[in-house]
Amino acid sequence: MAKYLLLKHYRGAPAPVNDVPMDQWTPEEISAHVRYMNDFAARLEKSGEFVDAQALAAEGTWVRYDGEGRPPVTDGPFAETKDLIAGWMVIDVDSHERAVELAGELSAAPGAGGKPIHEWLEVRPFLAAPPTVTE
């Protein structure tokens with residue numbers, strides 16, 4: 001089994017087919033979307049492929065180390081992750097092909113008008129071991 005991150009983006013990925021931002025959806029459309037996501041996760045829990053899923057709040061801060069004895073630096077001239085990453089799901093599956101299959105299914109979550117979003121999801125494997133250094 002290998003773990004994969006299914007990363008949902010607000011922007012920074014190609015536009016989905018049903019490209020109406022969630023803040024313009026009706027409460028019923030939002031409920032249907034969340035229900036789809038929960039049902040999808042429940043099905044993967046039963047198959048043993050679900051690890052974790054989280055939606056992210058809009059708030060967030062960039063932080064970096066700025067030297068010994070200095071306070072951390074916050075924010076900066078960077079794209080705000082809070083504008084880019086909507087949430088994620090971690091799955092544990094037998095193959096990359098299965099991860100892609102599940103990402104494709106998750107991409108069909110309903111959006112505006114109850115129609116599938118066809119959103120792009122980033123599929124990233126977790127490192128199984130540290131990278132090897134060759135000299």
Side-chain angles (χ1 to χ4, degrees):
M1 300 283 278
K3 289 185 179 154
Y4 288 84
L5 175 68
L6 306 182
L7 191 57
K8 295 173 68 68
H9 294 269
Y10 283 121
R11 59 185 179 87
V17 174
N18 187 353
D19 198 19
V20 178
M22 188 179 256
D23 62 1
Q24 296 175 23
W25 296 0
T26 67
E28 294 79 16
E29 291 166 343
I30 292 171
S31 293
H33 181 81
V34 171
R35 187 170 41 258
Y36 182 97
M37 301 290 288
N38 289 339
D39 291 348
F40 182 81
R43 187 168 50 82
L44 295 185
E45 276 186 292
K46 286 181 183 173
S47 70
E49 296 173 305
F50 179 82
V51 176
D52 187 30
Q54 298 292 323
L56 296 175
E59 304 84 37
T61 304
W62 282 93
V63 177
R64 73 172 171 87
Y65 175 75
D66 198 36
E68 190 64 39
R70 299 176 72 174
V73 175
T74 59
D75 285 328
F78 313 106
E80 296 287 346
T81 305
K82 62 189 173 203
D83 295 334
L84 300 176
I85 302 172
W88 71 85
M89 181 175 285
V90 178
I91 57 174
D92 195 358
V93 295
D94 289 329
S95 66
H96 180 261
E97 291 75 18
R98 177 66 175 154
V100 169
E101 176 186 343
L102 291 174
E105 189 176 331
L106 189 56
S107 157
K115 296 179 182 162
I117 299 172
H118 298 281
E119 71 180 324
W120 289 90
L121 294 162
E122 187 175 350
V123 178
R124 303 221 17 215
F126 280 53
L127 279 177
T132 54
V133 177
T134 57
E135 294 182 31

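Along the sequence shown, residues are numbered consecutively beginning with 1.
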Atom pair CG/CH2 of Asp52 and Trp88 - distance to nearest 0.5 Å: 6.5 Å
Reported CG-to-CE distance for the pair Leu7 and Met89, which is rounded to 0.5 angstrom: 12.5 Å
Hydrophobic cluster membership, Val123 vs Leu106, 4.5 Å side-chain cutoff: yes
With sequence neighbours excluded, residues passing side-chain contact (heavy atoms from CB on, under 4.5 Å) with Glu29: Trp25, Thr26, Ala112
CD1-CE distance between Ile117 and Met22, expressed to the nearest 0.5 angstrom: 6.5 Å
Flag, side chain of Asp92 to backbone of Ala2, donor-acceptor distance under 3.5 Å: yes
Any side-chain heavy-atom pair of Glu119 and Asn18 under 4.5 Å: no
For His96, ring pair (Phe, Tyr, Trp, His ring centres under 6.0 Å) partners two or more places apart: Tyr4
Gap between atom NE2 of His33 and atom CG of Asn38 - 0.5 Å precision: 10.0 Å
Lys3 NZ to Leu127 CG distance, which is reported to the nearest 0.5 Å: 12.5 Å
Student check: side-chain heavy atoms of Glu122 and Leu6 closer than 4.5 Å: no
Ser31 (side chain) donor-acceptor with Pro27 (main chain) under 3.5 angstrom: yes
Approximate separation, where rounding is to 0.5 Å, of Arg35 CZ and Glu28 CD: 10.0 Å
Same apolar cluster: Phe40 and Leu121, side chain cutoff 4.5 Å: yes
Exercise: identify the closest heavy-atom pair between Ala32 and Pro110: O-CG, 3.7 Å
Close side-chain approach of Ile91 and Val51, heavy atoms under 4.5 Å: no
